[in-house]
Amino acid sequence: MTDIEEKLIVALDAPTIDQAKRMIDKIGGRVKWLKIGSQLFTGAGPEAVEMVKKAGCKVFLDLKYHDIPATVSGAVKTAVEMGVDMMNIHALAGRKTLETAIRSVNELCAGSDVAKPLMIAVTILTSMDAEDLAEIGIEREPGEMVTRLAAMAKKAGMDGVVASPEETGLIKNTLGERFVVVTPGIRPEWAGKDDQKRTKTPAEAIRSGSDYIVIGRPILKSDDPADAVRRTFEEMSSAV
Ligand code: C5P
């Protein structure tokens with residue numbers, strides 16, 4: 001795998017373990033990372049993680065935990081024991097939840113051979129605009145909330161954030177190059193937009209400084225997913 005190939009995470013958004021398995025058979029040998037989200041995990045549970053690991057891919061467990069410190073701490077410890085390589089927690093769960101989760105992961109990994117996963121915070125969902133925020137009592141612009149929550153997540157010890165392509169540059173500028181940015185909402189030049197609104201191409205996302213880009217439907221729904229992966233890598237490579 002080249003460095004650029006390390007930066008692609010394919011969202012394994014499938015309703016059943018059998019459908020996920022069929023997709024892994026098509027692309028598992030070509031990609032380094034697969035993302036397991038709430039649909040697949042709700043249906044298949046830890047078996048989905050095991051299947052992806054067996055295929056030789058790293059796992060981003062995208063369950064966006066949002067709960068009290070003790071509950072999230074328990075969940076992240078279980079995820080670490082499962083062997084996931086990246087997971088995420090809602091920053092809106094608050095600093096204490098993030099700090100407690102990080103402490104639990106560090107304690108579990110210290111002195112054991114369990115590798116510490118990348119701990120990523122979710123700031124404001126890209127599906128929410130200013131009006132949605134106002135409705136829940138947040139009278140601030142989404143961009144302002146994203147940078148505020150990202151700064152809090154960094155202080156709490158998180159490794160990075162999920163952010164839209166528009167926000168990557170600002171986050172890197174304010175919180176430093178080493179603070180990881182994972183970017184969904186990416187559409188290769190040859191793909192439609194689906195329900196994503198503010199999309200960027202793989203090359204634009206890499207140029208803006210994203211460490212990882214997440215792509216689902218353009219690859220999953222392609223007639224030839226393996227070739228879609230190849231063309232995505234080509235676009236990503238054109239940016240470096
Ligand atoms: O199919 P598509 O490429 O739009 O998939 C993007 C993936 O990234 C989905 O699994 C979605 O849940 C996830 N995601 C997102 N926007 C966020 C966070 C996660 O699209 N803000």
Side-chain angles (χ1 to χ4, degrees), residues 7-16 19-20 23-24 26-27 31 33-44 48-49 52 57-66 84-93 118-130 132-133 136 138 142-143 145-147 149-150 153 158-168 170-171 180-206 208 210-223 225 228-229 231-233 235-236:
K7 289 174 174 279
L8 175 65
I9 302 175
V10 176
L12 195 57
D13 289 331
T16 65
Q19 282 192 37
M23 187 51 61
I24 290 179
K26 289 180 187 155
I27 63 169
V31 298
W33 284 91
L34 289 169
K35 180 171 87 64
I36 297 173
S38 44
Q39 184 185 22
L40 181 59
F41 197 81
T42 300
V49 174
V52 170
C57 296
K58 292 187 187 172
V59 176
F60 172 14
L61 189 63
D62 178 20
L63 297 182
K64 300 185 179 70
Y65 299 122
H66 189 166
V84 311
D85 303 278
M86 181 187 294
M87 70 177 106
N88 53 12
I89 305 173
H90 268 286
L92 284 168
L118 280 172
M119 301 296 291
I120 302 296
V122 178
T123 55
I124 298 294
L125 294 171
T126 47
S127 55
M128 295 188 85
D129 59 18
D132 297 310
L133 290 183
I136 57 168
I138 300 175
M145 284 304 294
V146 168
T147 40
L149 292 170
M158 299 292 285
D159 297 303
V161 284
V162 181
S164 81
E166 279 85 1
E167 293 143 3
T168 305
L170 183 59
I171 290 169
V180 172
V181 177
V182 181
T183 312
I186 304 297
R187 288 294 176 267
E189 277 167 4
W190 41 266
K193 289 199 171 197
D194 304 299
D195 57 355
Q196 298 282 14
K197 287 183 189 137
R198 292 165 295 138
T199 61
K200 279 224 158 76
T201 65
E204 284 168 337
I206 294 294
S208 77
S210 296
D211 298 281
Y212 297 96
I213 66 172
V214 178
I215 304 185
R217 285 161 292 179
I219 291 171
L220 304 180
K221 301 224 179 294
S222 156
D223 292 338
V229 167
R231 287 185 286 156
T232 302
F233 284 145
E235 279 192 42
M236 292 165 75

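FYI, side chains are in, hydrogens and waters are out, and symmetry mates aren't considered; it's all heavy atoms of this structure. Numbering of ligands and ligand atoms starts at 1, following listing order. One is the number of the first residue; the rest follow in order along the sequence.
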Look at the side chain of Gln19 and the backbone N and O of Thr16, then say whether any donor-acceptor pair between them is shorter than 3.5 Å. no
Which ligand 1 atoms, with their elements, are less than 4.0 angstrom from a heavy-atom of Val214? 7 (C), 8 (O)
Give yes or no for whether the N/O distance cutoff of 3.5 Å, strictly under, is met between Arg217 and ligand 1. yes
For atom 12 (O) of ligand 1, what is the nearest protein heavy atom, given as residue, atom name and distance? Lys35 NZ, 3.9 Å
Just need the protein heavy atom nearest to atom 2 (P) of ligand 1, so name the residue and atom and give the distance. Arg187 NH2, 3.4 Å
Specify the closest pair of heavy atoms between Val181 and Asp211, including all atoms of both residues, with the distance to one decimal. N-OD2, 2.8 Å
Can you tell me which portion of Lys64 lies within the under-4.0 Å heavy-atom range of ligand 1? Options are side chain, backbone, both, or neither. side chain
Tell me which part of Asp13 gets within contact of ligand 1: side chain, backbone, both or neither, using heavy atoms under 4.0 Å. side chain
Among Asp85, Leu12, Leu34, Ile27, side chain to side chain contact (heavy atoms under 4.5 Å, CB included) partner for Cys57: Leu34
Which atoms form the tightest heavy-atom contact between Ala205 and Ser208, and what is the distance? O-OG, 2.9 Å
Considering heavy atoms of the protein only, find what lies nearest to atom 15 (C) of ligand 1 and give residue, atom and distance to 0.1 Å. Pro184 CB, 3.5 Å
Sub-4.5 Å side-chain heavy-atom contact between Thr123 and Thr147: no
Could you tell me the residue and atom name of the protein heavy atom closest to atom 6 (C) of ligand 1, and the distance to it rounded to 0.1 Å? Gln196 NE2, 3.9 Å
Could you tell me if the side chain of Asp13 sits less than 4.5 Å from the side chain of Lys35, heavy atoms only? yes
Can you report which non-hydrogen protein atom sits closest to atom 16 (N) of ligand 1, along with the distance? Thr126 OG1, 3.3 Å
Does any part of the side chain of Thr183, heavy atoms only, come nearer than 4.5 Å to the side chain of Lys200, both counted from C-beta? no
For a quick test of reading the model, state the closest non-hydrogen atom pair linking Pro202 to Ile213 and the distance between them. CB-CD1, 3.8 Å
Pick, from Ala163, Ser164, Gly216, Pro188, the option with the minimum heavy-atom distance to atom 5 (O) of ligand 1. Gly216
Under 4.0 Å from a heavy atom of Ile215: give me the atoms of ligand 1 that qualify, with their elements. 3 (O)
